[in-house]
Amino acid sequence: MRAAAEQAAPRAQVTRGRLPFGVHLLAFCLFAMGSAEFLVAGVLPAIADDLHITLSSAGALISAFAIGVVMGGPPSAILTLHWPRRTTLIATQAIFAVSVAAGLLTDSYTVLIVTRFLCGLAYAGFFAVSTVTAISLVTPDRTARASGVVVSGLSLAMTAGGPAGALISHFTGWRGGFWVVVVLTVLGALSVLFALSATSTSTGTSAEPSMRRELSTIGRPQLWVIYAITILSTAAYMVSFNYLAAFLTDVTGIPEVWVPAILALFGVGAFIGLSIGGRIADRQASRDLMTGTAGILVCSVLLALLAPYAPAVVPLVLLLGVAGFVVNPAIFGRVFTVARDAPTLAGATTTSAFQLGTGLTPALRASGALTTSLSSAVYERLPNETDLTIFDEAGTRGLNFAFMDGSAHYHTEHDSISRLDRASVQDMGDAALAAARRLGGADLSQNGTDTPYFSLFGTIVSYPAWLTPSLAVMAVLGMFLLLWFGRRRGLSPGGAGRAAATFPLTLIGAAAIGLAGWWVLSRVRPDFALTEGSVHHGGRYLLGGALLLLVLLVAWYRWARRKASPLDIAVGVLGWFALLAVVCAVVLPEGAYLFTWPALIGPAVVAMTLRFTAGQSPWRAVAVTATAVPAVALLLPVVLLLLPALGLSSTAAPLVLAALLGALLLSLLELLPSRRTVTAGMLAVAVAGVGTLVVGTALDGYDADEPRPVSLGYALESDTGKATWVSLGDTSQPDIGELLTGEPARYDDRIPPLGGTALANGVAKAAPLDAPRIHNASTTEAKGVRTVRVRIKAPANAHSIDVHADTGAHQILDATVEGTKLTIDVHADTGAHQILDATVEGTKLTGGPKHSESTWGWSFTYAAPPTEGIDVVIRTRGKGPLPLRVVSTAVGLPDGVGAPALTADRSWATWPSVAGQTFVVRTFRF
């Protein structure tokens, strides 16, 4: 009766002048509660230290809050549908304050996680009802503006509340900032109690609250399109914002003291965007949405292109804030227009969608290192022993940790600890210690099955290996069931088949973009080729390739649309996910999850779309883009993992994965008003892609922090006294090109370790260098088999030489002797001799030709030879003396031969390379 009585006078506080005080009060309450969301990111190290947990575990507190927010909106709306709005507002604030306080009064990590989740639930409930309350206080033509003011509380919490709370916690302990949040939340609840009247129920309409009407309304396709736009647009600018501090210091080079002020500019832009959006969204919501989303895209692209230039980056941060928040009033206004008769559940779902974009990006950032069973599986299959495979085969277990943030500095003189982020180093140490504590008492000697595992929103997902083939088969069966189910609901199996048959063209095209792009870049900028494309600013080239890939995908989609519907095309792409799931289940089971889960979840999404949308509905094509969600969650992290680890020469692989991911989003093109718009967009994106590559190629320079790679090695053939400069580069290298006077030549025979490619070269002055020596040589022969025993000693300076290893058929060990690395190569001439086997320091090596294309067809590499030398025993069959060519490799170029001194803005190219190394060759005959 009370709810019905209150319902008799709806919008009792409606005003047409200035926005009422209640709207601004709700914004303040959202600011108070939202500050707790963003405050925790600034005090994670302090929480980890206080609770004696790892930084990654502390990061789960962000994930718990975000999950609570995403899950809490719609259930809260349903449970409180018949409550007065003021009661709901005060109740959710009370639950929030009590949950925060309970977490502050405990030292239990588990309790703290639970209270953070409860905070997220209460916060979502308040957010959902506050927007409905705000629009009930104004006239219908000011709905977007009122909701925009309420959301401004969240933007203020993000840019001011969180940093201010972290500052308070810095002086008072990590709990201090949260106690302030509790006080402000209680003050907000009391203000709501006295400033807002006992308003109507949460529906905000003159009709009696109806669960059926709410559920019917939430099924409208228009709403789900808005939800998709909300998630994507919010996540787009929040990803940039969450990494903005590191971007400004590490990429743009802005001093840390200025970072807070620039971040505040983002907040200023957010307020400007909310103000502009609130005033125009009630009249031109569609234009507001298009302008804002286009602005986010343009600002993000420009930030990537102009990253090194502070005068451009600073205003772009402000504009990104404007573009990101100008869409929010239009989103809420459009939702409440579509769901005018039942706004509560629709508004709550909007809140969840908004928080899904806002909350999960910081959760991903704080969730710890990325891990995937795919990487360990790939390492095991590579032709090398540099990972833990050799230990695993011996029954020893280990954890492989790696920093992945670009490979331009890898194995160079500027590859130092000072270039690593200290927080990352600390986090890795915490993770290693936590693993040691957890596994220290376990029996790890037994081999088990290779369980698939992967990171997902701050946690690690794993399941038994035997499920992998079963799930892959289920994915294929699910595709056939979908085709059968959808035949009478608008899905054309023929159209899906045609799309699936032509989709490989895009995968081939994606690989071609990567390979052709690298071919062009390596010829325009030969210096890039010295590092296999591991350049300092690889992001701009990857962006250019991604834009060209987008053009390729859109072109294929438009062509496929001639004989297939958007739904058919999506199903055709999902068919490839199912096929790849089966292939990987057989070939690479640890990586099959990348395709299996999208192939399982995608058909379910399509089936729901077919069931709950009309056959001719324009929103059917948009709703099916939800099939991309699992692909984004699983494929995108792997793509982002591969990009910094691989050079530009290997971008074809991540581009192919990106093509699979992007193809599931192509039906969003149906939202564009005309084919001409799509054509114009394609041309613009193509020009932007080519322009990005051209501008990046022209502007990419070098300095002391980002030195230019150069290549020059010195080779001395002690048998003839001939010395040669060798280089993987060309004559355009400064100070080095003048030494390369000869035509490029191959050295497979003369200097076997340098074989395989033509090297630029030039005559060098012979230096008096020590050559490899032999001792205690002896030869015996019985039944046509000759046994050679010899001790080989490296030169005296061998303890300062670098390690180079044959990864084709030999064990590779990176060894260190007195802080330096060394290697010695032994090659046998198999032209007239058959190598049966060999023993090196007690290790048995197989015989036979290992390099059939070379005169020196059998070889081994010994890393870190001891000063007393290594004992070698070779059994061979043949006539005449057995030639052995021994090559020692040392770091550095010899003095007195005219070697150039590198300036601060130059560096020897990354390993493996001839750059900055000396090779001494000597041949022995037995």
Side-chain angles (χ1 to χ4, degrees), residues 32-69 95-123 157-185 241-243 245-246 260 263 355 358-370 421-438 455 457-460:
M33 300 170 72
S35 295
E37 178 182 6
F38 301 101
L39 163 59
V40 69
V43 295
L44 282 181
I47 294 175
D49 290 341
D50 186 37
L51 300 183
H52 305 292
I53 58 177
T54 66
L55 194 61
S56 296
S57 297
L61 296 172
I62 296 179
S63 302
F65 187 94
I67 293 171
V69 172
I95 295 172
F96 182 89
V98 170
S99 299
V100 174
L104 299 177
L105 295 174
T106 182
D107 291 326
S108 170
Y109 172 69
T110 302
V111 173
L112 187 57
I113 282 282
V114 172
T115 58
R116 284 289 293 177
F117 177 74
L118 293 176
C119 286
L121 291 176
Y123 175 65
M158 178 175 60
T159 57
L167 182 63
I168 294 172
S169 296
H170 176 74
F171 294 104
T172 63
W174 69 266
R175 291 176 172 86
F178 289 100
W179 282 118
V180 174
V181 169
V182 172
V183 172
L184 292 178
T185 302
F241 178 78
N242 278 288
Y243 289 91
L263 293 179
Q355 286 298 320
T358 303
L360 289 183
T361 44
L364 288 173
R365 184 188 181 198
S367 62
L370 171 66
D421 179 73
R422 292 190 176 185
S424 297
V425 176
Q426 181 64 50
D427 183 59
M428 182 171 287
D430 290 341
L433 290 174
R437 286 192 292 267
R438 178 69 179 271
S455 301
F457 300 143
T459 188
I460 306 299

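Numbering starts at 1 and runs along the sequence shown.
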CH2-CD1 distance between Trp174 and Ile47, expressed to the nearest 0.5 angstrom: 5.0 Å
Heavy atoms of Ile95 and Ala122 approach each other most closely as CG2-CB, 3.9 Å
I'd like to know whether Ile113 forms a side-chain contact (heavy atoms from CB on, under 4.5 Å) with Leu61, so could you lay out the CA-CA distance, the side-chain angles of the two residues, the decisive distance to 0.1 Å, and finally the verdict. CA-CA 6 Å; Ile113 282 282; Leu61 296 172; 3.6 Å; yes
I'd like to know whether Arg175 forms a side-chain contact (heavy atoms from CB on, under 4.5 Å) with Asp50, so could you lay out the CA-CA distance, the side-chain angles of the two residues, the decisive distance to 0.1 Å, and finally the verdict. CA-CA 10 Å; Arg175 291 176 172 86; Asp50 186 37; 2.9 Å; yes
Any side-chain heavy atom of Phe96 sitting closer than 4.5 Å to one from Val181? yes
Nearest heavy atoms of Thr185 and Ala97, plus distance in Å: CG2-CB, 4.2 Å
Rounded to the nearest 0.5 Å, what separates atom CG in Leu112 from atom OG in Ser99? 11.0 Å
Interatomic distance, Leu104 atom CG to Thr115 atom OG1 [nearest 0.5 angstrom]: 8.0 Å
Nearest heavy-atom contact between Gly177 and Leu39 is C-CD2, 3.6 Å
Quick one: sort the Tyr123 and Phe65 rings into parallel, tilted or perpendicular, breaks at 30° and 60°. tilted
Which atom of Ala36 lies closest to which atom of Phe178, heavy atoms considered: O-CE2, 4.0 Å
